[in-house]
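This structure is a prediction, so every number in the text was calculated from the model and none was measured.
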Amino acid sequence: QVQLVESGGGLVQAGGSLRLSCEASGSTTISYGMGWFRQGPGKEREFVARISWRPSSTDYADSVKGRFTISRDSGKNTVALQMNSLKPEDTAVYYCAATRLPGTRTTVSEYVYWGQGTQVTVSS
């Protein structure tokens, strides 16, 4: 079993930055990759970014490309999401997730472990 705990959310003005972190614990052999998803008010949970290491690759939703960066610190079992140039439409609960499937995985159903979420609010 894998436990994921997110941190780093908060309130920021439009144009600002936040850095989210996700720490994995428990049985931390995550074979293929991790991702970030978000769920805004009244919306479905959506893909934001993913990173995998067999082979190494990253992908981003079009809405965050060029503004967000996902990275991994394998020594600390953490994955981070650096969010720059934030917009009010980025307001959501952000979730960290882990998948046991190889390849590019960007849908909710492909991730088996989830964190509890962290709130990000961007004011205009």
Side-chain angles (χ1 to χ4, degrees):
Q1 193 74 1
V2 174
Q3 292 80 44
L4 304 174
V5 178
E6 303 97 335
S7 61
L11 173 65
V12 65
Q13 288 189 331
S17 298
L18 281 175
R19 184 178 179 86
L20 305 183
S21 183
C22 174
E23 181 175 3
S25 62
S27 176
T28 55
T29 305
I30 299 172
S31 299
Y32 293 106
M34 296 178 68
W36 286 93
F37 290 76
R38 66 186 182 186
Q39 188 164 14
K43 298 181 180 179
E44 293 186 354
R45 194 169 298 189
E46 64 177 4
F47 168 75
V48 175
R50 59 160 288 278
I51 186 167
S52 61
W53 39 92
R54 295 183 186 179
S56 177
S57 68
T58 58
D59 286 286
Y60 298 89
D62 288 342
S63 59
V64 307
K65 205 170 291 184
R67 300 188 297 123
F68 290 12
T69 302
I70 189 170
S71 60
R72 175 189 178 224
D73 184 336
S74 59
K76 297 182 180 179
N77 288 322
T78 60
V79 171
L81 185 69
Q82 178 65 42
M83 305 185 295
N84 299 327
S85 302
L86 283 161
K87 305 175 182 180
E89 51 264 43
D90 294 319
T91 295
V93 177
Y94 282 70
Y95 296 91
C96 173
T99 180
R100 288 182 167 175
L101 300 173
T104 300
R105 304 293 173 178
T106 61
T107 63
V108 171
S109 62
E110 293 172 317
Y111 286 77
V112 63
Y113 300 111
W114 291 85
Q116 81 289 349
T118 185
Q119 178 70 47
V120 171
T121 303
V122 184
S123 63
S124 57

Atom pair [atom1] ([X]) and [atom2] ([Y]), whose distance is rounded to the nearest 0.5 Å:
X    : Y    : atom1 : atom2 : value
C96  : I70  : SG    : CD1   : 8.0 Å
S123 : Q13  : OG    : CD    : 5.0 Å
D73  : C22  : CG    : SG    : 12.5 Å
S57  : I51  : OG    : CD1   : 8.0 Å
N77  : Q3   : CG    : CD    : 12.0 Å
R105 : E110 : CZ    : CD    : 4.5 Å

Between V112 and L4, is there a shared hydrophobic cluster once you connect ILVMFWY residues whose side-chain heavy atoms come closer than 4.5 Å?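 Both belong to a single hydrophobic cluster.
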
hydrophobic_cluster_shared for W36 and L101, side chain cutoff 4.5 Å: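 The answer is no; the residues belong to distinct hydrophobic clusters.
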
Student check: side-chain heavy atoms of [X] and [Y] closer than 4.5 Å:
X   : Y    : result
Q82 : S17  : yes
Y94 : M83  : yes
V64 : R38  : yes
L20 : T118 : yes
R19 : S71  : yes
R72 : S52  : no
L18 : V120 : yes
R50 : T106 : yes

Treating E6 as the side-chain partner and G117 as the backbone partner, does any N or O pair qualify as donor plus acceptor under 3.5 Å?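 Between the backbone of G117 and the side chain of E6 there is a qualifying donor-acceptor contact (under 3.5 Å).
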
Verdict with supporting geometry, T121 and V12, side chain to side chain contact (heavy atoms under 4.5 Å, CB included): CA-CA 6 Å; T121 303; V12 65; over 6 Å; no

How close do S63 and R67 get, heavy atom to heavy atom, and via which atoms?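 Looking at all heavy atoms of both residues, the closest pair is O-NH2, 2.8 Å.
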
Check P88 against S124 and note the closest heavy-atom contact, atom names and distance.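 Scanning both residues, the minimum pair turns out to be CG-CB, 3.8 Å.
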
If you link I, L, V, M, F, W and Y whenever their side-chain heavy atoms are under 4.5 Å apart, who else ends up in the same group as Y95?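 Cluster partners of Y95: F37, F47, V93, V108, Y111, W114.
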
Less than 4.0 Å between a side-chain N and a carboxylate O, is that true for K87 and D90?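 No salt bridge links D90 with K87.
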
For K43, is the NZ atom crowded, meaning more than 12 foreign heavy atoms sit under 6.0 Å from it?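 Counting neighbours around NZ of K43, 12 or fewer heavy atoms of other residues, nucleotides or ligands fall under 6.0 Å, so no.
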
